[in-house]
*Asks:* 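Supplied in structure tokens, the structure appears directly below.
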Number of protein chains: 2
Amino acid sequence: MTSPTRSRRSDATRAAILRAARERFAADGYERATIRAIAADAQIDPSMVMRYYGSKEGLFAAAAEFDLRLPDLTSVPPAHLGEVLVRHFLARWEGDETLVALLRAASTNPGAAERMRGIFADQLTAAVATFGSDPALTARRAGLVASQILGLAFTRYIVRLSPIVDTTPDELVAWIAPTLQRYLTGTPPG
Amino acid sequence: MTSPTRSRRSDATRAAILRAARERFAADGYERATIRAIAADAQIDPSMVMRYYGSKEGLFAAAAEFDLRLPDLTSVPPAHLGEVLVRHFLARWEGDETLVALLRAASTNPGAAERMRGIFADQLTAAVATFGSDPALTARRAGLVASQILGLAFTRYIVRLSPIVDTTPDELVAWIAPTLQRYLTGTPPG
DNA sequence: ACCGTATGCCAACACCTGTTGACACGCAAT
DNA sequence: ATTGCGTGTCAACAGGTGTTGGCATACGGT
């Protein structure tokens, strides 16, 4: 038995499968991304996928591993929270198709929706909770932020709505930052 | 041959198929909603679906027929545009699952995404254009509104994010109306 | 009453899906 | 050299998919 720290020969295959899976899931969604297509992209046999990831669900679970990597919001000037967040999100998934894969799959796959809920209810809510406003409101504030952020991602990467696709990240930040800012620090209506 | 105005006997079947199709597409998405399941819901044979709608794509095209029914925005006080819009959208699809079906399908089905683009790029942009601000900006304003509106729908009906699901329509309107108001009538940033 | 046709069901096709088990190769340790 | 195991390929299974053609039946016009 090789040492667990020593890289095994199959690690390259595992990585190739994961890369191909992310691409296919992002491009086609959960059901259209077939194991055969993923295996073909990775240039291996479909049965390898099963051996290394157990099932299609298991493969997706591994491929959709995602961390928002939210920055420490306590060290951000409170007036710039909105801008920092939009910019971070855009940068985060403009270069990583994992979230697009998750987004596409969440529409039809319950497990993916569950994971999406975890990411935006746990990670984001936790980050919002750090600059302690009214605890009773943090969940709602985080939810509202998620609604605008996910709407931006949905229109830009999934539906590909022209006015949103054609707008530069900087312009998007300028328009959307005030929205998040109000959701985060604005006084509740009513 | 029966008169085209006279209701034919099969109209009930056609309607039952359409109703079942909308339900299934809304609940399961395009690929998981099988013709057999739809036919079973409508209590008819799968081949009937093919005879009346030609193909699964044709059935979806018929089931996803959707009109935003946007009110005449010229007769709305400009300061209340945001509120009127959020309230209208919430009411519009809280009682009609067609848009949820379209939303779910748009993630994986190119035709559905195309239709979604049509709805929000044509109908919404046209409505925004009626209260004539800078024409060069109307498309972008409409796109931003779409991003928040679709994000709301996505988090509330698809991902079912708890803080958004648990919030009453009135509270959602209070929070989100100012966002749309700024996207519609606010001065451009920069 | 008759006949054409609209309506419906049944069985089957061809294809694709996730998944499985048997078998071959090559490397590493004994 | 031989043994054991990690790695990989091949073929096949069982089930589900959209879709098609043929056959019964019941309705509506004459």
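Lettering of chains follows the sequences in order, A, B, ..., and the numbering in each one begins at 1. Please read all numbers here as calculations on a predicted model, not as lab measurements.
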*Asks:* Calculate, to the nearest 0.5 Å, the distance between atoms OG and CD1 belonging to B/Ser147 and A/Ile164 respectively.
*Replies:*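 Between B/Ser147 OG and A/Ile164 CD1, I get 5.0 Å after rounding to 0.5 Å.
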*Asks:* Which class fits the ring pair B/Phe89 and B/Phe120: parallel under 30°, tilted 30 to 60°, perpendicular over 60°?
*Replies:* parallel
*Asks:* B/Tyr53 OH to D/dT20 P: how many Å, rounded?
*Replies:* 17 Å
*Asks:* Side chains of B/Leu81 and B/Leu180: closer than 4.5 Å at any heavy-atom pair?
*Replies:*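 Not touching, per the 4.5 Å side-chain cut-off.
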*Asks:* Tell me whether A/Arg156 contacts the main-chain N or O of A/Ser162 through its side chain, where contact means a donor paired with an acceptor under 3.5 Å.
*Replies:*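 No: the side chain of A/Arg156 does not pair with the backbone of A/Ser162.
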*Asks:* Would you mind checking if A/Asp41 and A/Arg19 are paired as a salt bridge, meaning a charged N to carboxylate O distance below 4.0 Å?
*Replies:* no
*Asks:* When rounded to the nearest 0.5 angstrom, what distance separates CZ in B/Arg160 from OG1 in B/Thr155?
*Replies:* 10.5 Å
*Asks:* Check the distance between D/dT17's C1' and B/Leu59's CG and give it to me in whole angstrom.
*Replies:* 15 Å
*Asks:* Roughly, in whole Å, what's the span from CE in A/Met48 to C1' in D/dT9?
*Replies:* 8 Å
*Asks:* For the pair A/Arg104 and A/Asp28, find out whether any cationic side-chain nitrogen is under 4.0 Å from an anionic carboxylate oxygen.
*Replies:* no
*Asks:* Side-chain donor-acceptor contacts of residues 56-71 of chain B below 3.5 Å, not counting sequence neighbours, with atom names and distances?
*Replies:*
residue : atom : partner : partner atom : Å
B/Lys56 : NZ   : B/Tyr30 : O            : 2.8
B/Lys56 : NZ   : B/Ala33 : O            : 3.1
B/Asp67 : OD1  : B/Arg69 : N            : 2.8

*Asks:* Sort me out a list of protein N/O and nucleotides 15-22 of chain C N/O pairs below 3.5 Å, or just none if empty.
*Replies:*
residue : atom : partner : partner atom : Å
C/dG18  : OP1  : A/Ile35 : N            : 3.4
C/dG18  : OP1  : A/Lys56 : NZ           : 3.0
C/dG18  : OP2  : A/Ile35 : N            : 3.2
C/dG18  : N7   : A/Arg36 : NH1          : 2.7
C/dG18  : O6   : A/Arg36 : NH2          : 3.0
C/dT19  : OP2  : A/Lys56 : N            : 2.8

*Asks:* What is the distance from CD1 of B/Ile44 to P of C/dC10, rounded to the nearest Å?
*Replies:*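 Rounding to the nearest Å, CD1 of B/Ile44 and P of C/dC10 are 12 Å apart.
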*Asks:* Using five pairs at either end of the helix from C/dA1-D/dT30 to C/dT30-D/dA1, determine the angle between the two local helix axes and round it to 10 degrees.
*Replies:* 10°
*Asks:* Under 4.0 angstrom, heavy atoms only, what part of the nucleic acid is A/Tyr52 near: base, sugar-phosphate, or nothing?
*Replies:*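 Sugar-phosphate contact only - A/Tyr52 comes under 4.0 Å of backbone atoms but never of a base.
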